[in-house]
Amino acid sequence: PMQLVGLADAPGIAAIDLGTMSRPLLKEARSVAGVDAIHEGTGLDRAYTGQGVICGMMDIGLDPNHANFLDADGNQRIKRMWVLTGSNGSIQTFSGSNITSYTTDNSKETHGTHVLGIMAGGYRDRLQQAFFNANGKKQISTTRKNNYYGVAPDAEIAPCCGTLDGNNILLAAENLLAYSKEVGKPAVLNLSLGHNTGPHDGTTKADKYLADVGREMLITVAAGNEGYESMSIRKTFTTADNTVRTFVGDQATATAMVDIWSFDDKPFTVTVDAYDTEAKKSLFSYEVSAPTSGTQYITGSYYTAPGYIHPAGFDDCFTNRGAILIKASVDPNNNRYNCSVSFDTKVGTNKNIVPSITVKGSAGQTADIYCSSDGSLLNLGVDGYTQGNSSNSINDMACGENIISVGAFVSSVSWPTLTSEFTYRYHTRGDIASFSSYGTTPDGRQLPFVAAPGSAIISSISTYNYNSSPDSHSISAVLETTPRNSYWEEMSGTSMAAPFMGGVLALWLQADPTLTVDEVKDIIKETAVQDEFTRANPHRFGVGKVDALAGIKKVLNIGAGVNGVKAENEILVNETAKNVFNIYAPSAETVLTNLYTVSGALAASSEAVGNDATLDATSLPAGVYILSVKAGSASRTIKVAVR
């Protein structure tokens with residue numbers, strides 16, 4: 001129960017969203033979303049691979065010296081790294097040789113290595129790998145170049161790893177933003193983390209902090225992997241129907257948290273029961289009828305601290321060491337009533353017991369009931385009890401403002417390993433991944449915002465994790481080097497879709513380093529793919545499937561024209577060297593370029609005869625400027641960053 005005390009009193013709770021169900025090759029995912037075309041420069045002014053952009057994350061199980069995070073000469077692409085441990089704000093900062101000599105934050109985990117590899121993995125040389133040939137047959141090659149590199153393979157990397165305490169996540173965001181400003185480069189932060197409890201309205205202190213950071217730095221957040229779980233209930237009470245009852249799991253042993261939120265400040269009556277499924281009656285109950293201060297401890301007789309409550313029959317139902325912890329109050333961040341109930345119950349002498357919760361409200365009142373991912377809300381076939389569903393399974397951290405929440409769709413159903421191959425029979429290519437979470441916030445926002453490839457993604461894994469338990473891994477590729485090997489393996493989840501989207505944003509930021517979250521959301525919405533699957537389940541796809549190529553064309557103002565021919569009045573702007581901009585207008589006879597400060601002062605200008613001009617801003621102070629181009633009857637005004 002003391003673990004539950006910490007859980008109940010913690011200001012923020014975070015946990016990794018690990019993938020479980022369906023499985024796409026990163027190579028296929030890049031192709032489906034148009035990333036390969038961007039890397040090749042197809043239909044663009046040049047290729048984009050994330051140069052000049054920083055990719056960061058907060059995660060666990062990072063192996064920073066994996067080949068995926070080195071450049072072609074074997075040098076570190078990770079320029080700054082932070083390890084945050086415990087819950088007291090302890091930070092270790094690494095750079096240069098300190099990173100080279102670092103091992104990992106947790107050899108029992110590899111999630112962070114996989115996530116970062118999707119976002120910015122850059123190893124593209126030869127290695128031993130399994131792959132499917134053009135006929136769909138598995139082959140193994142030692143001479144073929146790596147299929148499984150990331151979305152922004154030439155981006156600079158600045159990750160955080162360590163303990164996933166809520167405060168550490170905020171420190172990670174703060175560190176990356178400060179570093180981005182220090183070096184004068186735009187950054188993307190990925191958070192493949194989350195929790196199912198909470199208000200789901202963006203009002204937690206963590207959500208508000210990330211919303212502030214998101215005004216200055218792009219942030220992607222995983223939607224969650226509970227899209228098929230019975231973990232949420234939304235109930236609007238009427239005079240005739242003012243009660244909802246549900247079981248917490250299907251047996252006496254329970255370790256879940258149930259979080260109950262009103263849409264207003266009026267309290268519910270919340271009752272915790274021990275229900276005998278054979279006798280069909282409650283053997284004891286405890287009622288919370290009004291806001292309280294602190295934590296109420298409903299425990300077995302083993303615990304004797306003053307104030308602990310020992311209902312008659314508790315030991316028989318949940319043992320003398322069982323405990324149920326309850327906190328209830330009106331949340332000052334959103335003025336909503338909240339009652340959270342944490343279970344640490346066990347099987348007692350009565351084997352037919354299941355814990356249950358009853359919520360009673362006033363007519364017109366709405367309750368959102370969430371269960372943490374280690375539990376379920378069930379009816380067990382008992383009349384009067386409500387079965388939970390996944391309709392509000394969205395990650396609470398994905399509900400804030402100024403972030404991009406990302407769901408997962410299936411871009412492949414099969415993948416190879418060095419020893420075998422796997423296929424998911426009941427998943428459909430192009431459809432939403434069954435695990436991908438979704439929901440509607442109390443203010444009516446449908447989440448996630450967009451869907452990206454997130455099933456069967458092959459990416460880098462931690463060598464230290466592999467070495468600790470090699471038999472638990474199914475490797476798809478390996479690079480054998482001295483003194484260590486680097487491995488690639490499949491994982492699935494919105495934890496994979498979010499860094500894919502983060503890598504796409506890094507490509508877009510290379511094209512326009514000044515993009516804001518509102519501009520990015522508009523671009524995603526205007527260019528996202530709509531098809532039979534998105535139309536069938538719009539509530540799960542958001543605005544649709546990300547189209548990285550169409551998006552970067554929008555960023556670059558490249559129109560398709562007629563039959564793929566570029567429009568004659570098109571003006572292309574490209575940074576050819578640091579702070580040196582090339583302006584190209586295909587049909588222009590002269591090109592006039594002015595660069596203004598954000599306050600409107602002229603900072604630099606150039607005029608060229610012909611359709612090609614260069615503006616040199618190397619002598620200007622770092623900052624954001626307004627670039628105005630006039631080429632014949634055409635004109636274009638964009639923001640540019642001088643670093």
Side-chain angles (χ1 to χ4, degrees), residues 1-9 197 233 235 237 242-262 266-277 279-330 337-350 352-362 365 367 369-372 375-380 382 384-386 388:
M2 297 313 295
Q3 291 177 326
L4 284 173
V5 172
L7 178 64
D9 292 336
T197 56
I233 297 171
K235 176 77 171 182
F237 298 110
N242 66 350
T243 303
V244 59
R245 296 181 176 88
T246 188
F247 293 108
V248 184
D250 59 1
Q251 55 186 336
T253 301
T255 57
M257 173 189 278
V258 177
D259 209 18
I260 307 158
W261 289 84
S262 173
K266 297 182 179 64
F268 300 117
T269 299
V270 177
T271 304
V272 179
D273 295 270
Y275 187 86
D276 187 327
T277 56
K280 298 189 182 304
K281 65 179 182 179
S282 292
L283 297 190
F284 80 81
S285 65
Y286 178 79
E287 180 180 292
V288 183
S289 59
T292 61
S293 60
T295 302
Q296 300 171 74
Y297 301 89
I298 317 303
T299 73
S301 58
Y302 176 83
Y303 303 102
T304 58
Y308 281 24
I309 300 167
H310 308 294
F314 189 100
D315 287 8
D316 289 341
C317 294
F318 297 130
T319 80
N320 68 336
R321 290 178 181 253
I324 301 173
L325 278 58
I326 302 172
K327 293 179 70 175
S329 65
V330 174
Y337 177 73
N338 170 230
C339 180
S340 63
V341 184
S342 298
F343 292 86
D344 186 13
T345 56
K346 311 175 193 310
V347 178
T349 55
N350 188 330
N352 303 311
I353 295 299
V354 179
S356 71
I357 282 183
T358 300
V359 182
K360 184 177 181 180
S362 304
Q365 216 177 350
I369 305 172
Y370 305 102
C371 189
S372 57
S376 298
L377 304 177
L378 307 174
N379 65 12
L380 301 181
V382 178
Y385 283 75
T386 299

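All values below were derived from every heavy atom in this structure, side-chain atoms included, with hydrogens, water molecules and symmetry-related copies excluded. All of these numbers come straight from a predicted model, not from anything done at the bench.
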* Asked: Roughly how far, to the nearest 0.5 Å, is CG of Asp316 from CG of Asn350?
  -> 7.5 Å
* Structure fact -> Heavy-atom nearest pair, Gly361 first then Phe268, reads CA-CD2, 3.9 Å
* Asked: CE/Met257 to OG/Ser340 distance, rounded to the nearest 0.5 angstrom?
  -> 5.0 Å
* **Listed partners of Ser301 passing side chain to side chain contact (heavy atoms under 4.5 Å, CB included), at least two apart** => Asp315, Asn320
* Is it true that the side chains of Asp259 and Thr197 contain a donor and an acceptor less than 3.5 Å apart? -> no
* Asked: Say you draw a straight line from CG of Asp276 to CG of Leu283; how long is it, rounded to the nearest 0.5 Å?
  -> 5.0 Å
* Asked: Are any non-hydrogen side-chain atoms of His310 and Thr299 less than 4.5 angstrom apart?
  -> yes
* Asked: Under 3.5 Å, side chain of Thr345 to main-chain N/O of Ala254, donor-acceptor pair present?
  -> yes
* **Sequence-distant partners of Val347, side chain to side chain contact (heavy atoms under 4.5 Å, CB included), two or more places apart** => Ala252, Thr253, Lys351
* Excluding sequence neighbours, so at least two apart, what forms side chain to side chain contact (heavy atoms under 4.5 Å, CB included) with Pro311? -> Phe284, Ile298, Ile309, Phe314
* Mind checking whether Tyr370 and Trp261 have side chains closer than 4.5 Å, heavy atoms only? -> yes
* Report yes if the side chains of Val270 and Ile326 come closer than 4.5 Å at any heavy-atom pair, otherwise no. => no
* Is there a side-chain contact between Val258 and Leu377 (heavy atoms, below 4.5 Å)? -> yes
* **Rounded distance [0.5 Å steps], CG in Asn352 versus SG in Cys317** => 10.5 Å
* Asked: Do any N or O atoms from the side chain of Asn338 and from the backbone of Ile260 form a donor-acceptor pair under 3.5 angstrom?
  -> yes
* To do: Output yes when a side-chain donor or acceptor of Ser262 lies under 3.5 Å from a complementary backbone atom of Pro267, and no otherwise.
  => no
* How close do Ala256 and Val248 get, heavy atom to heavy atom, and via which atoms? -> CB-CG1, 4.3 Å
* With Lys360, which residues qualify under salt bridge (Lys or Arg N to Asp or Glu O under 4.0 Å), at least two apart? -> none
* Applying ring pair (Phe, Tyr, Trp, His ring centres under 6.0 Å), name anything that partners Tyr385, two or more places apart in sequence or on another chain. => Phe247, Tyr275
* Asked: Going by heavy atoms in the side chains, are Ile369 and Val359 under 4.5 Å from each other?
  -> yes
* **Any residue meeting side chain to side chain contact (heavy atoms under 4.5 Å, CB included) with Thr386, in chain and number order, not counting sequence neighbours** => Ile233, Val244
* Asked: Is there a side-chain contact between Tyr303 and Arg321 (heavy atoms, below 4.5 Å)?
  -> yes
* **Tyr302 side chain near Thr319 side chain, heavy-atom distance below 4.5 Å** => no
* Asked: About how many Å separate CZ of Phe237 and OG1 of Thr243, when rounded to the nearest 0.5 Å?
  -> 7.0 Å
